[in-house]
Amino acid sequence: MTRQRSSRSSTSRRTPAQRGGKSLGKLRIIGGEFRRRQLPILDSPGLRPTPDRVRETLFNWLGQQLYGQQVLDLFAGTGALGIEAVSRGAACVDFVERDPRVAAQLSTNLASLHITSSAVHVNDVQAYLTRPAQPYSLVFLDPPFHQQLAEPCCKALESGGWLSDGAMIYLETETSLAPGVPANWQLHRETQAGESTARLYQRQ
């Protein structure tokens with residue numbers, strides 16, 4: 001799931017074309033229960049699903065740790081990471097996406113997979129992180145590039161009570177950025193693909 005993101009929700013049952021959008025293509029689920037399922041992606045400026053190779057690397061890092069986990073997918077966009085987590089056994093995912101059209105498509109895709117344990121929240125991520133928190137064991141954080149959102153969101157996650165002990169945090173940023181993260185986040189894995197760098201941290 002990557003892109004110049006936002007938050008999501010379901011506001012209409014109309015097709016993307018009827019809502020003024022176009023189908024950009026398909027998102028392919030690469031593992032788990034929904035493996036090989038293809039989901040439509042809305043044509044929205046900056047929407048950039050996390051590439052298959054990066055997703056495969058990330059979920060290889062996570063291994064069997066997904067079963068029963070509570071997951072938070074911030075700047076969710078297409079929901080690629082959160083849906084992949086559900087497919088691989090996560091108990092539920094809270095998706096946060098700002099753009100109502102993108103959120104509506106995500107909600108439609110969840111419904112098509114009969115995923116009822118997860119929710120789409122149409123909200124700005126920084127505003128969402130000021131809410132009363134519940135702890136998550138896995139967080140996906142893939143903010144829009146070149147907007148200096150990574151560091152404040154990391155700080156809000158740590159200070160706001162959003163992370164359980166030992167939580168894993170996936171952070172994807174432009175390669176030119178060296179993100180400042182809380183001192184108790186230990187870098188677990190790192191990889192680079194094109195203009196983006198993906199890092200997986202564990203909270204100590």
Side-chain angles (χ1 to χ4, degrees), residues 1-11 21 24 27 39 41-52 54-55 57-59 62 69-86 90 92-110 118-131 133-134 136-160 162-163 167-177 179-182 185 191 193-201:
M1 84 198 169
T2 312
R3 72 176 181 101
Q4 195 161 340
R5 310 232 187 172
S6 47
S7 287
R8 40 181 150 173
S9 135
S10 73
T11 57
L24 178 63
L27 167 69
L39 304 171
I41 300 173
L42 196 66
D43 185 1
S44 181
L47 192 64
R48 47 179 183 86
T50 299
D52 287 8
V54 176
R55 276 187 286 141
T57 297
L58 167 61
F59 285 96
L62 293 170
Q69 286 203 22
Q70 308 289 319
V71 180
L72 179 62
D73 187 354
L74 300 173
F75 303 99
T78 65
L81 295 179
I83 293 173
E84 196 78 52
V86 174
C92 71
V93 179
D94 282 306
F95 299 88
V96 182
E97 171 53 50
R98 177 178 67 190
D99 185 325
R101 292 189 314 122
V102 175
Q105 182 64 65
L106 175 56
S107 292
T108 298
N109 287 343
L110 293 176
S118 299
V120 176
H121 306 272
V122 183
N123 205 338
D124 176 81
V125 166
Q126 289 181 290
Y128 186 85
L129 293 178
T130 65
R131 298 169 43 155
Q134 67 177 69
Y136 292 86
S137 51
L138 175 62
V139 175
F140 299 126
L141 179 58
D142 184 7
F145 288 176
H146 310 297
Q147 295 189 27
Q148 306 303 314
L149 292 171
E151 187 167 337
C153 287
C154 290
K155 289 180 178 177
L157 284 169
E158 178 62 35
S159 64
W162 293 96
L163 303 172
M168 306 296 290
I169 306 98
Y170 170 80
L171 175 62
E172 187 175 337
T173 67
E174 61 271 31
T175 296
S176 60
L177 179 68
V181 302
W185 291 16
T191 190
E195 298 179 357
S196 67
T197 296
R199 299 175 176 90
L200 183 65
Y201 297 91

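Numbers here simply count residues along the sequence, with the first being 1. Computed over heavy atoms, backbone and side chain alike; hydrogens, waters and symmetry mates excluded.
- P179 is listed as a side-chain neighbour of R199, based on a closest heavy-atom distance under 4.5 Å.
- Of the possible donor and acceptor atoms, none in the side chain of D73 sits under 3.5 Å from a partner among the backbone N and O of F95.
- Interatomic distance, CD of Q134 versus CG of L163, reported as 11.5 Å (0.5 Å rounding).
- In terms of heavy atoms, T175 sits closest to G194 at OG1-O, 3.9 Å.
- Remark: W162 CH2 to Y128 OH distance equals 5.0 Å, nearest 0.5 Å.
- Note that CZ of F145 is 5.0 Å distant from OG of S196, once rounded to the nearest 0.5 Å.
- Counting all heavy atoms, side chain and backbone alike, L149 lies closest to Q126 at CD2-OE1, 3.3 Å.
- Taking each heavy atom of C154 and G180 in turn, the nearest pair found is CB-O, 4.4 Å.
- Between F140 and L74 the shortest side-chain heavy-atom distance does not fall below 4.5 Å.
- Looking at L138 and L72, their side chains never come closer than 4.5 Å, going by heavy atoms from C-beta outward.
- We find the CD1-CG distance between I169 and L141 to be 9.5 Å, quoted to the nearest 0.5 Å.
- If you take CG on L42 and CD on Q105, they are separated by 6.0 Å, rounding to the nearest 0.5 Å.
- Contact of the L171 side chain with the P143 side chain is registered, since non-hydrogen atoms from C-beta on lie closer than 4.5 Å.
- Within the 4.5 Å cutoff, side-chain heavy atoms of L200 are placed close to those of L62.
- Residues V93 and G82 come closest through the heavy atom pair CG2-O, 3.5 Å.
- Looking at Y170 and V139, their side chains never come closer than 4.5 Å, going by heavy atoms from C-beta outward.
- For the residue pair S137 and Q70, no side-chain donor N or O sits within less than 3.5 Å of a side-chain acceptor on the partner.
- Looking only at side-chain heavy atoms (C-beta outward), T191 and T197 stay at 4.5 Å or farther from each other.
- Between E158 and W185 the shortest side-chain heavy-atom distance falls below 4.5 Å.
- Distance check: D52 CG to L27 CG gives 8.0 Å after rounding to the nearest 0.5 Å.
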Using the rule given for side chain to side chain contact (heavy atoms under 4.5 Å, CB included), can you reason through L129 versus L157, listing the C-alpha separation, both sets of side-chain angles and the distance that settles it, and then say yes or no?
CA-CA 7 Å; L129 293 178; L157 284 169; 4.0 Å; yes

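- Looking only at distances, a side-chain donor or acceptor of E174 sits under 3.5 Å from a matching main-chain atom of H146.
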